[in-house]
Each structure stands twice: as structure tokens, then as C-alpha cells.
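Everything below concerns the one structure shown next.
Since the model is a prediction, treat every value here as computed from it, not as a measurement. Residue numbering restarts at 1 for every chain, and letters A, B, ... go by the order of the sequence lines. The figures that follow rest on heavy atoms only: side chains count, while hydrogens, waters and symmetry mates do not.
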4 protein chains.
Amino acid sequence: MRQEKRKELTRKKILEAAKQVFLQKGYATTRIADLVKKSRLARGTFYLYFQDVEQVLNALLQEVFIDIQRSVTELQVEALDHENFKIGLSELAKSLLAVFQKHSAVVGLLLTTMNSEPSIRVQTAWFQELTQATIRVMLERGIQSGRLKNHDPELMAFLVMGGLREVVTHWLIDGRYSKDIAVKVDEMIAIYMNGVERETQK
Amino acid sequence: MRQEKRKELTRKKILEAAKQVFLQKGYATTRIADLVKKSRLARGTFYLYFQDVEQVLNALLQEVFIDIQRSVTELQVEALDHENFKIGLSELAKSLLAVFQKHSAVVGLLLTTMNSEPSIRVQTAWFQELTQATIRVMLERGIQSGRLKNHDPELMAFLVMGGLREVVTHWLIDGRYSKDIAVKVDEMIAIYMNGVERETQK
Amino acid sequence: MRQEKRKELTRKKILEAAKQVFLQKGYATTRIADLVKKSRLARGTFYLYFQDVEQVLNALLQEVFIDIQRSVTELQVEALDHENFKIGLSELAKSLLAVFQKHSAVVGLLLTTMNSEPSIRVQTAWFQELTQATIRVMLERGIQSGRLKNHDPELMAFLVMGGLREVVTHWLIDGRYSKDIAVKVDEMIAIYMNGVERETQK
Amino acid sequence: MRQEKRKELTRKKILEAAKQVFLQKGYATTRIADLVKKSRLARGTFYLYFQDVEQVLNALLQEVFIDIQRSVTELQVEALDHENFKIGLSELAKSLLAVFQKHSAVVGLLLTTMNSEPSIRVQTAWFQELTQATIRVMLERGIQSGRLKNHDPELMAFLVMGGLREVVTHWLIDGRYSKDIAVKVDEMIAIYMNGVERETQK
DNA sequence: AATGAATGAGGCTTCATTCAT
DNA sequence: GATGAATGAAGCCTCATTCAT
């Protein structure tokens, strides 16, 4: 009982240290020695909980995975059934942003590592797939219900995914849009929904 | 001089080897040993040309930088003056894609490394900035001339940049859209220009 | 703690190995590999205690520094107050020789390295200065008390220092004067005190 | 004929470069690359004249050896036969100093390297021996002729040798006694001849 | 459980040396 | 003769991993 708690605490220490170190010097250059030093544990202790740095990264990603997945699946249904599609989308996006902000360090990590090493891409594939799938499903339903134009759902998913990542990256990592991120999200939706071209000859 | 040629050849050997190795095992895990093995040179020879692996990456990026910059600046003017804005955009995009395809390995590298480690982000900042600037200029002129809606140019630049990167990544790295990339580009432009929402109650 | 003792032991092992290796092949050509081989430790272990070979040399010199300084300062006072100046000097010299003999390997090292590379001269400057200062102080007091002629104390210090080093070098390194070093020291003192010229026309 | 001169010139270039480099960064850390760079010759050219850095050192020492030996042997005879022994000594010393000054860079090198590495000690042994022998011979003759006290000639040679080296080192390397070196030499002789102790009870 | 000293494989870097031009 | 690109052995250093305490 006591042991259990203590073990959990030590594990947390490592994860917390990792978050900070990854943020400071990046995942690729982080050594076990860095984690051990930051967490103020002994070198050997690390190996009682993780095999290597990658496992620590995965553990961190795991944490956010659950939250992101829940937020997406719960809201997806509501969003689609919403009489006003745009408002539904907006809510989905904002709920997602709230999760991102809660785990900002790890999400930042996710965004910067997901496209780097082949070995890591595997670990972040779930995020890619989850996002892709969510967007595709929404688009397909929108097309079926006649509310959306008949564009290639996959292509559209790529665009939204990429745009979202770019904006979130600047938001979380560069400290852009500190407060008015919600406004920007609505602008994003407006652009994707109605485009930027003025309807001249109307 | 014969020597001069030989030097140039050796340098090329290293760069060529690096392209292949980076592609295969990713930049972050590439060792000098990998490069000298692939290029079939002696360990010491590497140091006559580069200090470390990062310098090799930079040399590769440098090559494409010139081509990309030229392609963008040359066509930008034409695109903007084109009577049909969309066709101009399409041509700009396709010309850019041609450059990307010519340097596909390095551009793939650029796309995967640009958002990773802090140290590398510095090296790829030019690409970010060039793309951002190009898109912003075009948008701002479009807004001024009344052809485009008054959206935040920076936000729009992020969206296009992100979407483009996502699509190009799947194209170059995953082998998606092998042939019909041109079609997809036009679809991308259509989406950004006119949005995906159907104008129902018109 | 057990650990503490073990650490101290390992450090000692390295220092002991260094003493032997320096003696055998000289400081300048000693490699870390030599030290780990002689001390029968792993390559990496060396770096837990020292950064490079120079640090090992400094650690060794540090040890003797303390002993030499103590022996010199303690006896200096007595020597000067001695009614018979020469006997006082003799005792000071012999006490110094005892310290030299105790640390013969390191003192030999000190004598051979002190005038070599610029980088090392810095490390042995304390010895130069200590010796210089000691001799100067003694001379100046001797001059003031009227017991010594009014020669340039610095010059005199150089002569004694040089002579002492030469003799000690031959004693410690070449194995000269194995037993009668004490006799020779008294002869040195006699020479410095009364000169070698016969007082002919007295 | 032409070739001969050219060869000699190239050799000189290397030796001159070596003098400067040795002076700047010390003998032990001087690399062939340093000599090649300073002499503005090609790497391969070096090997047409010398095998390694030690050979260059030896060549430099060789030059001074001849001058020193001549100066010593020529003057030795005169000095000993001089009716005033002290004046003879003084002239010998000053003539030696003139040679030292002429070759100051190399003599400085000689003084700093002669007691370092075992391998180099061999190369500078001639200097040790020459000086020792000269001093011993002079002392022995002085003793025989009744002008000098009956001290151990070898010991005395060590003292003079050491003192001389110390003073010359400070003169050549540290820039001490820039002008009044001659005065100091006479003071040295006075000390060795008559000692520093005042003849109180006379 | 936790510790941290010790290990040695693996990667980095320098530099003497060769050899084709 | 002179050149300097290429070489690879030798030394340096880091760091994941083990293990006795």
C-alpha cells in the first residue's frame, strides 16, 4: 500500500522531469542522465520504471491520448447533429484546444516530434489517424447531408490537420495568440467553410 | 586544376550519401560513421569538408533554398498580375511543386525536420519565413484589390503553409498522389478560395 | 558510507597509476589510456574523477604543495632566529629534502615539468613563488641583521633555486648521492655562504 | 645548382617557422600541421626535409650547439690562463651570453625542453655535458693551482649550471634583466667566488 | 525500492603519413 | 621538387546499462 504510492510518486517525478527537459532541450538530445538529474533520482532508479527515453515520451503521450480521444469522440456526435454545423465545429475545436492547453507541454512535444524520426512517427501515428479520421467522418457526413461541397475528404482532412497543427504550434510553442485563440479558431472555420474569395459577380 | 574537381566530387559524394542516409534513418540518428560508410570515404575525409552532421544538412538545405526562392519570387509577380487570380495561384503552386519534386529528398527532409529540435528550427527558419512572406504578400494585395475577403493574412498564411506541408509530406514521403498531384493542388486552391460550405439558401 | 571509501580508493588508484606512468614515459606523452590501463579501471571511470591528464598532474602537485609549504613556513622562522645562521639553513634544507624524498616521484615530476610547456608552468608557479619568497625573505633579513652581504636578493634566490633544483634532480631522478645527500647540502650551503675562492692574500 | 639553393631555402623556411611556433605554443604541442601552416608550404613538402617535429627541434639545436661549443672551447683556455681568474670567468660568461642572445629563441627552447621528456633529454644531453665538463675543468684547474677551495667539482658544476640556467631562463623567456644582464653576471661570479656571508670576526 | 560507482561500447576528432598529380 | 587530398590509426569523450550495497 505504502509502496504502491511511493512507486507511483517516483514515476510521476520522472515524467514531470521529462516534460521540462524535453521542453528545454528537445526530445532528440535528451539523455537519461538529464532526466535523472532533473528528477533528483539515482541513475539506477530510472531503469526500475522505464527502459529508455522513448518509453518516457510514450508514457507522456499516452496521458494526452486519452484526454484527446475522449474530447473528440464525445463532441463529435454532438457537433454533427447540431442544427448549425458551424457552431458545432467551433465547439469541437474549442473543446480540443482546452485539452491541448491543459497538456500544453506534451502537445507541443507531440507536434514537434510527430514528423521527425521514423521510429517516433510510429508512436504518434495514433494522433495523426485520430485527427484524420475525425475530420473525414465529419466531412463525409456533411457531404452526405448536402451541407458541404463534394471535395476529397482525405485532402480536406490534410488541409485542416496541417492548418490546425501550424496554428497550434505557433500558439503553444511560440506563445502566439495568447488570449484570442478562440477568435482565431472561428476565423479558421470561416475560411475553411466559405473560402477567402469575394463573391464579385453576385 | 584536377584537384579542384576532385574536391568538388568528394563533397558531392558526402552530400549524396547524406541525402540517402537521412531519408533512410532520419536526420537525428544519423552519425558521421553512417555518412562515411555510405560515401565510401575515410573517416578523416569527412572533416575536410564538414564539421558535423548538421553542417551537411545545412549544405543540402542551402541547395534547395536557392531554387525555391527563385521559383517563388519570379512567379509571384506574374501570379499577382494575372487577370485570373486563381489561375495565377495555380501556376505558382505548380512551379513550386516542380522544384519540390526536383529536390524531393531534401524537401522531404526539410518538411520533417523543420519543426523538430530547437537547434534545427533555426536552420529552416528561412523556409518558414519565405513561405509566410510570400503568402502574406499575395493575400494582402488580394485584399487591397478587393478580390479577397479581409481575413488575417498571418493566420491565412499559417493555414496554407500547414495544409501545403501536410499534403506535400504525404506526396513526397508516403508516395501519395503520385501522378494527380496537380489536380489536388487545384482542389486545394478551390477550397481555400471558395470554402467547402454549400451555398444553400441562395 | 562504503561508497565514499570506494570513491576515495579509486581516485587514489588513478593518482598512483599516474605517478608511475609519468615517471616512466614523462608527462607530455602520457595518455588517458595509459592511466586507465595502469590503474586497471575502465576508460569511463577516469572521467568520473578527472577531466584530463593535466588535472591529474595538478592533483598530484597539490598533495606535495601542502607538505612543502608547511615544512618551509614552519622551519623558516626557526632558521632565521637561530644563533648560528648556517646551522639553521642546514636544518631548513634537510627538512625540505625529507619532504622531497617522501614525495620523490611527484617532486621529480615537479622539477622536470616546471619549466616546460607554458600551460604547465602556470600550474607549478606556486612552487617557484614559494621558493623565491622563502629565499628572498631569509636573505633580506640576513642582510638587515648584517650577517649577509648586500647582494640582489632576487638574483641570489635564482641561484639557490637553480642550484637546488639541479642537485635535487640528479638526486631524485638519476639516483645520485643516494646516501650522502645531507653532506652535499652542507657543502652547498658552505659554497653559497663563503664562496669558492681561497683568501690568498689575507 | 639552382635546385640546391631552393632546397636550402625551403629547409630554412621550415626551421624559421618552427622557431616561431615552438616559442608560441611550446614544443610538446606543436604539430606538423602547425609548421606547415606557418611556413606556407604543403604538407607533403615537410616530409622531404624532416621525418617529424623532433627532427626539426634537433636541427635547430644543432645550429646553436656549434656556436656554443666554439665559444666555450675558445674562451676556456684564455680564461684559465688569465692572471685574474675572475675577469677571465666574466669574459667567458659574457661571451656565452652573447651566443645565447644571438640564438635566444632556440636557447630558450633548449632550456625549457632539456629537462622534460626522456626522449628529448637525450637530444639535449650534449648541452648538459658540455656545460658540466667546462665548469668542472675550470674548477679542477683552479683547485690545483691553489686559487680555489677544494670543493666537489661536480657539485659545484651543478650549482653553477642550475644558477646559470635559472637566470638565463628568466632573462630570455620572461624578459628579465633586459639590459643589465652583464652586471648580474658579475654579481653571480662574485657570489660563487666569495659567498654571501660577511666576514664578521675578522 | 533506491542508490550511484563502475563499466565499455560507440561515436567523435586529430593528425602523421601516403601518393597521385 | 612541390603539392594537398585522402587516409585510418590512435586518442578522446559520452552515455546507456549493470550491479553491489
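Atom P of nucleotide F/dC13 and atom CZ of C/Phe50 are separated by 15 Å, given to the nearest angstrom. Between the P atom of F/dT3 and the NZ atom of B/Lys7 lies a distance of 15 Å, rounded to the nearest Å. When the C1' atom of F/dG11 is taken as reference, atom CG of C/Leu35 falls 13 Å away, rounded to whole Å. Between the P atom of F/dT3 and the CD atom of B/Glu4 lies a distance of 15 Å, rounded to the nearest Å. As a whole-Å value, the separation of D/Tyr47 OH from F/dG4 P is 15 Å. As rounded to whole Å, 13 Å separates atom C1' of F/dG8 from atom CG of B/Leu41.
Nucleic acid contact class of C/Arg31 (heavy atoms, under 4.0 Å, all strands): sugar-phosphate only. Within 4.0 Å (heavy atoms only), D/Ile32 reaches sugar-phosphate atoms of the nucleic acid but no base atom. Residue contacts shown for B/Glu8 are absent, as no nucleic acid heavy atom lies under 4.0 Å away. When heavy atoms are screened at a 4.0 angstrom cut-off, D/Tyr49 is found touching the sugar-phosphate backbone but no base atom.
Applying the side chain to side chain donor-acceptor pair (under 3.5 Å) rule to C/Lys25 yields the partners C/Asp34; only residues at least two apart in sequence or on another chain are considered. Every salt bridge (charged side-chain N to carboxylate O under 4.0 Å, His left out) that A/Lys102 has, sequence neighbours left out, goes to A/Asp67. For A/Glu54, the side chain to side chain donor-acceptor pair (under 3.5 Å) test picks out A/Gln123, with sequence neighbours left out. Taking A/Gln128 as the reference, A/Asn115 meet the side chain to side chain donor-acceptor pair (under 3.5 Å) condition, with sequence neighbours excluded.
Atom CD1 of residue B/Ile173 and atom CZ of residue A/Arg121 lie 5.5 Å apart, to the nearest 0.5 angstrom. Distance check, rounded to the nearest 0.5 Å: OG1 of C/Thr45 to CZ of C/Arg11 gives 14.5 Å. The distance from atom NZ of C/Lys12 to atom OH of C/Tyr49, rounded to the nearest 0.5 Å, is 12.0 Å.
Taking the nucleotide of DNA chain E with the nearest heavy atom to each of C/Gly44 and A/Thr45, the more 5' of the two is matched to A/Thr45. Looking at which nucleotide of DNA chain E each of B/Arg43 and C/Phe46 is closest to, the 5′-most match is held by C/Phe46. Projected onto DNA chain F by closest heavy-atom contact, D/Ala42 and C/Val53 fall at different nucleotides, the more 5' of which corresponds to D/Ala42.
Looking only at distances, no side-chain donor or acceptor of A/Asn58 sits under 3.5 Å from a matching main-chain atom of A/Leu61.
Taking every nucleotide of DNA chain E with any atom under 4.0 Å from a non-hydrogen atom of chain A, the first and last of them, 5' to 3', are E/dA1 to E/dA6.
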Map every base of DNA chain F to its dot-bracket character, where paired means a Watson-Crick or G-U wobble contact with both distances under 3.5 Å and | marks a partner outside the strand. .||||||||||||||||||||
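Results of the side-chain contact (heavy atoms from CB on, under 4.5 Å) test with B/Val106 over B/Leu60, B/Leu57, B/Leu23 single out B/Leu60 as the only residue that passes.
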